[in-house]
Amino acid sequence: MRPSRLYELANPPFVIHKVECEWAELPPPLDLAVGTPFDRDDLLTYAQALRPAYDRLGRVIGQLAGLFILARLGSRLEADWPTVELVRDQARLTATELHAIKPPSLASQHHEALLVAMRQTAEVVDAFGKRLPRSEGLGEQLDRWTRQLQVVGRTLSGCAVEALGLMPLDFSQACCNCGNAAS
Amino acid sequence: MSQYSIWVLEYAYVSQCAVSSVIYGAHNQGIRKLPYCYVLIKSNDHIAMVDVGYNDKEYGRYISDKFLVENWHSPADVLAPCGIRPEDVDSIFITHAHFDHMGNTDAFPNATFYIQERELSKWLWAMSLPDRLRYMMVATDPSDILRAADLARQGRLRLVQGDMENAIPGIDLHSAPDTHTYGCQWVHVRNDLQAPSRDGWVLAGDLIYVYENLEGTGTDKMYLPVGLALGSITNLVMTTEEIMKSVDYEIKRVIPVHEERLKEVFPSRVLPNGLRISEICLASGQKSLVA
């Protein structure tokens, strides 16, 4: 039977899965599970401090994914290159902010999962940043980095906590579909 | 002879949507039902769609709780009454990158997706802005871009630069930059395969939500833009003119997919699950799904 949480696999031994393995799709080891009292001051303070970095990490992933598409299909990689520098700056800022946060014990695994995601993202940013001008084998590298980002994306989704305002997608503004929130 | 059959398929709905969200400036004008739909286009050679909806697995409960979206059904369920499986779909035209239009690409494992390159590159720009400007990426989900990157890896993503004729035979994509979003596109089905067409249909995505966007609310006919423009209202209105011109100003040939009154204009059927199929046109020899 498939465990519901990765941490159920972790004691002992901890298993590292290949990206393509279905186990890798499991959410990260969250300890903010059902029943957690989300109105605790320490959790609210943690989430408030975390949210800018959490949101920005999502945007970094989105930008990298978009740049991968343009690098693969577009003819503008060189023209878009300054964007890579912006992504790198944002990634550095996000890492600094994440490391500065001191999570309450209840959220330590949550925080650790995000640190791992950040580290994986930074690896991709650095490696991609070294790939100009476009060179042979870029396609294979992009394949690998795309899969790596998918893992990070799943971690980010797994770390979403609606009650604390941590969501990968910002629904807070109106459009056709979400303009009538009866909150 | 019509080449394609077109159906508008409801996959969820909001029972009480503020009118001001679908018609710009219509404040204090009450509420109405807002269906969420995508479009199925079928010929003997192709099964295509316009947009794919969102994935309830990701955000479903949050969306239904906060925005009152009800009765979401999967593409497999929604397409089944048409005798189609998601894996049968070969071409999908994404009108824009909002989560409720391109949030379920994973459900279509064999389709090639078409999206404007500008939509992608401008979202990239928006995501690169400082936190205080994050409104500029409203309703987009970075993970949708990640999924698109995986589509590119699989060779199933086409970046469209401006207009594209015959994306598949008789179906043209038209760019609408800086309107509802940065790189919207609308779909023109030339059902007689002729240019100019005398049997054209326009699938407008969110450039047109409801019939009032085309004919106004009073006796004096005029275009009223939709309630959200990341670009400009001017561009929205002028795009509406371009769309109308493409169908010789015949309103019925522009399909507003969020319009509940489609069922009054086209033959329609409400399924036992409460979702509607509207039959826009039938290809020669094709059986009706709503009779």
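In this text, all values refer to a predicted model and were calculated from it rather than measured experimentally. Reminder, nothing fancy here: chain letters follow the sequence lines and each chain counts from 1.
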Positions in residues 56-66 of chain A that reach chain B, provided some heavy atom is under 4.5 Å away: A:R56, A:G58, A:R59, A:I61, A:G62, A:Q63, A:A65, A:G66

Pair A:I69-B:L159, side chain to side chain contact (heavy atoms under 4.5 Å, CB included): steps then yes or no: CA-CA 9 Å; A:I69 295 171; B:L159 294 183; 3.9 Å; yes

From CD1 (B:I145) to CG (A:L149), nearest 0.5 Å: 12.5 Å

Residues that B:Y38 engages under ring-ring contact (aromatic ring centres under 6.0 Å, His included), provided they are two or more places apart: B:Y11

Enclosure of B:Y24 OH (heavy-atom neighbours >12, cutoff 6.0 Å): no

For the student: nearest non-hydrogen atoms of B:L146 and A:G153, plus distance: CD2-CA, 4.1 Å

Nearest-0.5 Å distance, OG1 of residue A:T146 to CZ of residue B:R147: 14.0 Å

A:L142, part contacting chain B, at a heavy-atom distance under 4.5 Å: neither

Heavy atoms from other residues, nucleotides or ligands near NZ of A:K102 exceed 12 (cutoff 6.0 Å): no

Pairwise side-chain contact, A:Q90 with B:M127, heavy-atom cut-off 4.5 Å (strictly under): no

Within-4.5 Å side-chain heavy-atom neighbours: A:L73 and B:L157: yes

Contacting region of B:L129 [heavy-atom separation from chain A under 4.5 Å]: backbone

Compile the donor-acceptor pairs under 3.5 Å between side chains in residues 116-125 of chain A and protein atoms, sequence neighbours left out, one pair per line.
| residue | atom | partner | partner atom | Å |
| --- | --- | --- | --- | --- |
| A:T121 | OG1 | A:A117 | O | 2.7 |
| A:E123 | OE1 | A:Q148 | NE2 | 3.2 |

Closest non-hydrogen atom pair between B:L124 and A:L67, with its separation: CD1-N, 3.9 Å

Residues, nucleotides or ligands: over 12 heavy atoms within 6.0 Å of B:R158 CZ: no

Sequence-distant partners of A:A53, side-chain contact (heavy atoms from CB on, under 4.5 Å), two or more places apart: A:T94, A:E97, A:L98

Heavy atoms of other groups near B:E215 CD, more than 12 under 6.0 Å: yes

